[in-house]
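Single-structure report; data block below.
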Amino acid sequence: MTSSPAPESAAVPEIEVQYPDEQLAARMGIEITQWERDRVVGTMPVAGNRQPFGLLHGGANGVLAETLGSTAAAMHGWPERLPVGLELSCTHHRSALGGRVTGVCTPLSVGRTIGTFEIVITDDDDRRVCTAKLTCVYRDRPPGSAS
């Protein structure tokens, strides 16, 4: 397996990625293409992320949503606070059969201890494939801890 940087590293380069050769998002081909505090966008290929019937695996939608939502959460809390996923829900509206899917993450509510983000995933024809919601809890980073 070749080493790929974690896609999250582009958006929050200050975070030291542990186990860089073992990042699920990189293995799934996720690329973060836009990152701002109020909008994180990423893509993922359908090929290589299918379930046995040839459709995009619902869990792949979950990985894309978690990647984008966690990246957005980190952008709101770093470096003082570290986000940890608390709940992820995904509603699958239709199947993606090929090409790429694109996820757009926007914050619904971000406070000192809880952040909730909506991730809308669409196919190449801009049809909604999945709507996800990620809630993260923010933990204070201990003083002097590594990045």
With heavy-atom distances below 4.5 Å as the criterion, would you say the side chains of His93 and Arg127 are in contact? no

Roughly how far, to the nearest 0.5 Å, is CG of Asn61 from SG of Cys130? 4.5 Å

Considering all heavy atoms, the nearest Val110-Phe117 contact: CG2-CZ, 3.8 Å

Output for pair (Thr102 OG1, Glu31 CD), nearest 0.5 Å, gives 10.5 Å

Distance from Gln51 atom CD to Ser95 atom OG, nearest 0.5 Å? 7.5 Å

Checking side chain to side chain contact (heavy atoms under 4.5 Å, CB included) against Pro107, which of His76, Arg39, Arg37 comes through? His76

For Met28 and Asn49 the tightest heavy-atom approach is O-ND2, 3.0 Å

Just verifying a value: how many Å separate Asp123 CG and Ile121 CD1, rounded to the nearest 0.5 Å? 11.5 Å

Any donor-acceptor pair under 3.5 Å from Tyr138 side chain to Ala73 backbone: yes

Counting C-beta onward and ignoring hydrogens, is there a side-chain heavy-atom pair between Asp124 and Arg100 closer than 4.5 Å? yes

Specify the closest pair of heavy atoms between Thr67 and Ala25, including all atoms of both residues, with the distance to one decimal. OG1-CB, 3.7 Å

One pair to check against side-chain contact (heavy atoms from CB on, under 4.5 Å): Ile119 and Leu64. What are the steps and the verdict? CA-CA 9 Å; Ile119 304 92; Leu64 177 58; 5.6 Å; no

Rounded to the nearest 0.5 Å, how far does OG1 of Thr43 lie from CD1 of Ile30? 8.5 Å

I want to check something: taking the side chain as every heavy atom from C-beta on, are Met44 and Leu56 in contact at a cut-off of under 4.5 Å? yes

